[in-house]
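Encoded as structure tokens, the structure appears first; notes follow it.
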Amino acid sequence: MKEKYPFKEIEPRWQQFWEERRLFYTDVSDAGKKYYCLMMFPYPSGALHVGHGRNYIIGDAVARYKIMRGFKVLAPMGWDAFGLPAENAAINTGRHPRDSTRENISIMKRQIISWGCCYDWDREIATCEPEYYKWTQWFFLKFYERGLAYKARAPVNWCPSCATVLANEQVVNGRCERCGTAIETRELEQWFFRITAYAQRLLDDLEKLDGWPERVKTMQANWIGRSEGTRLDFRLVPRPDGGSDPFDTIPCFTTRVDTIYGCTYMVIAPEYPHIDELVRGLPQEQEVLEYVRRSLRTPRAARTSESAEKTGVFTGRYVVNPYTSEPVPLWVADYVLMEYGTGAVMAVPAHDERDWDFARRHGLKIKLVIQNPERTLRLEDMQQAYTDFGLLVDSGPFSGLSSSEAIQKMTAYAEEQGFGGPQVHYRLRDWLISRQRYWGAPIPIVYCEKCGTVPVPEDRLPVLLPDNVEFRPHGESPLKRCPEFMNTTCPRCGGAAQRESDTMDTFVDSSWYYLRYLSPHDDHRAIDSQACNRWLPVDQYIGGVEHAILHLLYARFFTKVLHDMGLVEFDEPFAHLFTQGMICKRSPKDGKLYKMSKSRGNVVSPDKLIEEYGADTVRLYTLFIGPPEKDAEWSDQGVEGAYRFLRRLWKKVYDHQDVLRESVPGKIDRRLLDPEERELYRQTNSAIQSITDDLEGDFHFNTAVARIMELLNAIDRLSVHRDSAPSRKAVFAHALRNLILLISPFAPHIAEELWVQLGNPPGILKVDWPTADPDALAMEEVELAVQINGKVRARIRVAADASEEEIRSLALSDERVKKWTEGAEVRKIVVVPGRLVNIATRRHSS
RNA sequence: GCCCGGGUGGCGGAAUCGGCAGACGCAACGGACUUAAAAUCCGUUUCCGCUGACGCGGAGUGGGGGUUCGAGUCCCCCCCCGGGCACCA
């Protein structure tokens with residue numbers, strides 16, 4: 001055994017050992033307690049930094065722990081390999097995305113292996129390979145068959161810098177999630193997945209997800225944005241010139257039908273269909289058309305920002321309030337959004353802040369119809385809208401009702417009268433999946449002049465991405481300029497036809513990869529239903545919280561569709577979700593803390609650290625850095641600390657090799673131990689107990705590592721040498737042996753090596769996880785704090801099983817306690833066994 | 001504005017059910033070893049006051065109030081930070 005901790009020598013050796021023994025290769029047909037441990041697969045961006053490592057290290061620690069607990073663990077890894085960055089790089093360098101992606105994959109795979117993270121590499125998948133995207137296309141066809149994929153002209157988010165459309169989920173504060181460019185709205189024909197058809201189920205089933213963090217569920221619920229209200233149809237007052245209109249009612253959605261008697265005007269969005277026909281020939285026509293044109297040009301971000309002033313114009317038309325039969329003016333204003341509700345809003349300025357602002361600005365009538373039950377409102381005094389619930393006034397037959405009663409009754413009335421009824425709205429929009437880019441799975445659709453839109457037959461999949469394309473940014477997919485790809489024959493009539501040139505959003509690829517791991521190379525079907533039903537839902541999914549909405553919502557949607565198709569029995573993919581926090585580092589530029597990223601220049605490469613300290617040090621520090629679900633700041637000195645600890649551990653074993661090798665593990669008889677030995681034995685068992693609890697609970701790796709450090713400190717306190725008593729040697733060996741087992745999921749290389757040095761056969765993963773001896777946890781004597789009125793004034797030592805009476809008298813007879821209780825009346829004594837005694841006293845005023 | 005988190009030493013963070021606040025690590029300081037340095041080992045470190053000293057007393061978990069023998073933990077009010085949603089009708 002070497003004196004100095006030889007991490008450089010042992011780490012590659014054990015990595016090879018795990019690979020050769022195929023310890024992480026899983027036969028999925030095998031019975032047994034299964035545990036599917038899944039880490040979010042990475043986008044092959046180039047090279048990993050230590051921030052990425054947190055994900056894999058946590059997952060690997062969990063997998064190793066579960067293996068030692070006797071589970072059959074499935075831990076696969078793959079690559080989310082399609083995507084914009086590779087294509088943007090191709091535009092700049094001319095290098096084909098396939099080549100750069102493959103190269104990045106091999107760099108990152110090497111890094112993951114050098115971290116000591118183990119996977120079933122036979123199941124490795126890359127979404128950019130035809131054997132994978134063939135089935136992404138197949139799912140598209142299935143969605144198309146079921147009416148869940150459709151093409152529609154719609155106002156969409158356009159990123160001028162990426163030159164592509166984006167899903168709503170990829171627009172953050174009106175800017176492109178990737179490049180930060182302000183998003184424009186364009187009216188384009190695009191492909192959508194009908195996720196809104198699943199809105200209610202996606203919302204309801206959040207309740208089933210006990211193993212998910214509350215905050216992720218809340219974020220998804222917010223995103224789905226269910227809102228209950230009332231639909232009301234407002235009849236259009238016929239044109240004064242007797243001309244015809246494109247429609248005769250304007251439906252609107254409201255959550256506050258109780259305020260309808262205060263509706264003094266109605267507003268429609270500038271995108272509202274056929275506005276031009278509504279105003280044709282009216283004096284307002286030019287002004288309205290000009291206003292609409294201007295609004296449509298305004299970027300969405302500017303239009304919807306809070307500070308934006310509420311502009312709008314009167315159309316010259318009126319609609320009829322269905323409750324009062326009174327006409328109210330119809331306005332166009334861009335504070336109303338076409339995407340939400342019906343694109344039309346009944347405006348009640350007295351009871352809605354936005355309508356209040358708008359009405360004040362444009363001199364519209366304000367009518368008070370809800371009274372504050374606490375304090376009578378007078379319109380003249382009001383500085384802002386009263387938006388709370390209250391009692392209805394001036395509301396015809398509904399006057400006097402409370403808002404909540406009124407909402408019910410008035411909605412029922414609308415239904416009876418046939419001009420409306422209850423309605424539920426969702427904020428969630430359909431998922432826009434087409435991208436005008438090359439590096440993605442081609443949408444398997446053909447356009448034929450005769451037959452129209454024709455899906456590519458399943459047996460002609462995959463629609464392969466052509467290689468010989470030119471990468472230039474010109475707002476349409478490079479595929480469009482590739483005639484070999486574009487020109488095809490119609491699968492239906494055999495005539496000349498054109499292919500769809502758009503590719504799919506990469507979130508489609510990642511919506512089903514966790515199913516493909518069960519049969520990664522099956523070229524007959526997308527997934528192996530039987531194996532999926534056995535292994536899913538995923539027992540533990542681990543990844544970054546940045547995917548709380550996007551990926552996790554899409555994957556849930558996919559699973560539900562597959563469930564409805566009869567392909568899988570489960571309808572939620574991930575039973576437990578763990579979202580780890582980001583690793584941050586101060587930026588060298590401004591000294592502020594940021595998430596590690598190449599562009600900030602604050603990344604720490606694992607390669608250098610592993611070279612200098614070894615993978616186990618990096619792993620141990622990464623787990624110790626803080627609560628794994630929270631963000632953490634990387635500290636180079638913290639890494640040193642972890643390294644120091646492992647060196648100390650190595651030296652401990654090195655210094656006591658003889659003692660350790662000669663003592664055979666066996667039952668330890670506590671009665672034969674002296675107090676020091678008994679204390680170490682107790683601490684060993686206590687460490688086993690709490691580390692197991694930490695891992696079974698919410699992955700408290702930071703406290704688990706702390707407990708291991710404490711155990712080594714405790715081991716240090718017991719002096720042992722060649723001539724020590726056998727019992728002492730046995731306790732010492734027992735403690736170290738268990739420490740090595742306990743640390744093995746975190747620092748597996750050193751654990752394997754020391755395990756062998758202790759005289760055990762290689763392969764610590766085959767050893768059972770230790771269990772604590774409950775008898776050993778008990779202390780014979782405990783120290784109790786004695787409080788007087790809640791302040792600690794003394795300490796007493798008592799037998800652990802001392803009666804309350806004994807403790808009481810012992811406490812009262814303590815010198816220091818006497819000093820404090822002298823001349824005071826003891827009112828009450830509280831004894832908390834094993835912890836403290838509190839004596840409440842009262843001083844007599846003398 | 002609404003909905004989630006969170007606020008504890010110089011720093012990262014511990015603290016089952018309400019029971020000794022500051023585990024563990026970092027940093028700093030003092031000492032040992034060394035010709036010296038590094039490494040290592042030992043010790044000190046919440047703040048304030050008193051003491052020659054072993055010590056003693058007081059305050060203390062963002063602020064204020066409450067419940068309790070006892071509050072970082074429970075209740076009420078407020079402040080600050082992070083995240084999500086947001087002209088959503």
Side-chain angles (χ1 to χ4, degrees), chain A residues 4 172-173 213-227 229-230 252-257 259 266-267 269 303-310 333-337 339-348 351-355 357-358 387 425-427 545-546 548-549 620-621 624-627 629-642 644-645 647-648 651 690 693 697 700 702-713 716 783-795 816 826-841:
Chain A
K4 290 246 172 74
V172 179
N173 292 327
E214 215 46 54
R215 89 184 145 134
V216 174
K217 288 193 275 185
T218 311
M219 282 162 73
Q220 291 212 352
N222 282 347
W223 188 261
I224 294 167
R226 182 191 153 97
S227 156
T230 312
C252 76
F253 173 74
T254 179
T255 54
R256 290 298 302 274
V257 67
T259 65
M266 179 180 236
V267 195
R303 209 180 115 178
T304 59
S305 86
E306 236 169 310
S307 55
E309 285 176 351
K310 287 190 175 41
D334 67 3
Y335 78 92
V336 171
L337 307 173
E339 314 80 281
Y340 191 80
T342 61
V345 167
M346 60 175 237
V348 184
H351 305 294
D352 181 285
E353 283 168 33
R354 296 152 300 178
D355 298 343
D357 290 347
F358 190 81
T387 57
H425 260 286
Y426 299 92
R427 211 189 65 97
V545 73
E546 64 273 20
I549 304 174
L620 198 69
Y621 175 63
F624 187 61
I625 194 166
E629 71 281 4
K630 286 205 200 144
D631 291 353
E633 182 186 347
W634 186 265
S635 143
D636 296 332
Q637 279 151 343
V639 180
E640 292 265 3
R644 250 196 303 266
F645 175 78
R647 266 191 340 226
R648 252 178 82 204
K651 185 142 194 305
S690 52
D693 290 348
H700 297 144
N702 55 328
T703 50
V705 173
R707 293 306 304 250
I708 290 174
M709 290 170 166
E710 281 182 89
L711 181 56
L712 185 61
N713 292 346
D716 263 347
E783 192 184 67
L784 300 185
V786 184
Q787 298 182 327
I788 315 286
N789 297 325
K791 289 199 192 308
V792 180
R793 298 297 183 187
R795 287 165 195 288
R816 290 186 33 78
V826 174
R827 281 193 302 146
K828 190 173 182 180
I829 301 179
V830 180
V831 177
V832 185
R835 294 202 184 262
L836 54 70
V837 182
N838 192 10
I839 302 169
T841 67

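Only this structure's heavy atoms are used, side chains among them; waters, hydrogens and symmetry mates stay out. Lettering follows sequence order; numbering is per chain, from 1.
Atom P of nucleotide B/A86 and atom CD of A/Glu353 are separated by 17 Å, given to the nearest angstrom. What separates CG of A/Leu337 from P of B/A86 is a distance of 10 Å, to the nearest Å. Separating the CG atom of A/Asn838 from the C1' atom of B/C69 is a distance of 5 Å, rounded to the nearest angstrom. For the pair A/Trp223 CH2 and B/G83 C1', the interatomic distance rounds to 15 Å; values are reported in whole Å. The distance from atom CG of A/Leu712 to atom C1' of B/A23 is 16 Å, rounded to the nearest whole Å. As rounded to whole Å, 10 Å separates atom P of B/C26 from atom CG of A/Asn713. We find that CZ of A/Arg793 is positioned 17 Å from P of B/G55, with the value rounded to whole Å. Distance CG (A/Asp716) to P (B/C41): 8 Å, rounded to an integer number of Å.
Among the atoms of the strands shown, none is found under 4.0 Å from any heavy atom of A/Lys630. At the heavy-atom level, A/Arg427 lies under 4.0 Å from base atoms of the strands shown. Across all strands, A/Glu783 comes closer than 4.0 Å to base atoms (heavy-atom distances). Among the protein residues, A/Arg816 comes within range of the sugar-phosphate backbone only, with heavy atoms under 4.0 Å from sugar or phosphate atoms but none that close to a base. Counting non-hydrogen atoms under 4.0 angstrom, A/Asn702 reaches the backbone sugars and phosphates but no base. A/Glu633 comes within 4.0 angstrom of no nucleic acid atom, judged by non-hydrogen atoms across all strands. Across all strands shown, A/Arg707 has no heavy atoms under 4.0 Å from either base or sugar-phosphate atoms. At a threshold of 4.0 angstrom between heavy atoms, the contacts of A/Ile625 are confined to the sugar-phosphate backbone, with no base atom among them. Counting any heavy atom pair closer than 4.0 Å across all strands shown, A/Gly641 reaches sugar-phosphate atoms only and no base atom. Counting non-hydrogen atoms under 4.0 angstrom, A/Thr254 reaches the backbone sugars and phosphates but no base.
Comparing the P positions of B/A71 and B/G18 gives an interatomic distance of 14 Å, to the nearest angstrom. Across the C1' atoms, B/U45 and B/G10 are found 10 Å apart, a figure rounded to whole Å. Comparing the P positions of B/C48 and B/G9 gives an interatomic distance of 14 Å, to the nearest angstrom. One C1' atom belongs to B/G82, the other to B/C87, and the distance between them is 25 Å to the nearest Å. Nucleotides B/U34 and B/A39 place their C1' atoms 11 Å apart, quoted to the nearest Å. Here, B/C11 and B/G22 have their C1' atoms 13 Å apart, quoted to the whole Å. Between B/A59 and B/G6, the two C1' atoms lie 25 Å apart (nearest whole Å). Going from the C1' atom of B/G63 to that of B/C80 covers 10 Å, rounded to whole Å.
A 6.0 Å sphere centred on CD of A/Glu546 holds more than 12 heavy atoms belonging to other residues, nucleotides or ligands.
At distances below 3.5 Å, not a single donor-acceptor pair connects side-chain atoms of A/Asn838 with backbone N or O atoms of A/Val830. The closest donor-acceptor contact from the side chain of A/Asp352 to the backbone of A/Ala347 lies at 3.5 Å or more, if one exists at all. Between the side chain of A/Arg816 and the backbone N or O of A/Arg793, at least one donor-acceptor pair lies under 3.5 Å. Side chain of A/Arg354 to backbone of A/Lys310: no donor-acceptor contact under 3.5 angstrom is found.
Between B/A27 and A/Arg644, a contact under 4.0 Å exists linking OP1 or OP2 to a side-chain N or O. Taking only side-chain nitrogens and oxygens, A/Asn222 never comes nearer than 4.0 Å to OP1 or OP2 of B/C88. OP1 or OP2 of B/C3 has not a single side-chain nitrogen or oxygen of A/Arg215 nearer than 4.0 Å. In this structure, A/Arg647 reaches the B/U40 phosphate: one of its side-chain N or O atoms is under 4.0 Å from OP1 or OP2. Regarding contacts with the backbone of B/C69, every side-chain N or O of A/Lys791 stays at 4.0 angstrom or more from both OP1 and OP2.
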Would A/Tyr335 and A/Asp355 count as a side chain to side chain donor-acceptor pair (under 3.5 Å) if you check the C-alpha gap in whole Å, the side-chain angles of each, and the deciding distance to 0.1 Å?
CA-CA 10 Å; A/Tyr335 78 92; A/Asp355 298 343; 2.8 Å; yes
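Proximity note for A/Val830 (side chain, C-beta onward) versus B/G84, B/G19, B/G25: the nearest is B/G19. You'll find that the side chain of A/Leu836 is closest to B/C20, out of B/C20, B/A89, B/C87. In this structure, the nucleotide among B/A89, B/U16, B/A21 sitting nearest to the side chain of A/Thr255 is B/A89. In this structure, the nucleotide among B/A21, B/C87, B/C24 sitting nearest to the side chain of A/Glu710 is B/C24. Out of B/A23, B/G13, B/C41, the shortest distance to the side chain of A/Arg648 is found at B/C41.
Taking for each of A/Gln637 and A/Gly790 the nucleotide of RNA chain B with the nearest heavy atom, the 5'-most of the two is the partner of A/Gln637. In terms of position on RNA chain B, the residue among A/Arg354 and A/Arg795 whose nearest nucleotide sits closer to the 5' end is A/Arg795.
A/Asn713 and A/Arg648 are linked by a side-chain donor-acceptor pair at a separation below 3.5 angstrom, with hydrogens and angles left out of the test.
Shortest non-hydrogen contact noted between A/Leu620 and A/Phe645 is CD2-CD2, 3.8 Å. Between A/Arg427 and A/Tyr340, the shortest heavy-atom contact is CA-CE1, 4.1 Å.
Within the shown strands, B/U46 is the pairing partner of B/A59 under the Watson-Crick or G-U definition, both distances less than 3.5 Å. Of all nucleotides present, none satisfies the Watson-Crick or G-U wobble test against B/U35 with each distance under 3.5 Å. Pair assignment for B/C2: B/G84, on the basis of Watson-Crick or G-U wobble contacts that are both within less than 3.5 Å. Pairing partner, B/C26: B/G10, with both Watson-Crick or wobble hydrogen-bond distances short of 3.5 Å.
For B/C78, the base adopts the anti conformation, since its glycosidic angle falls more than 90 degrees from zero.
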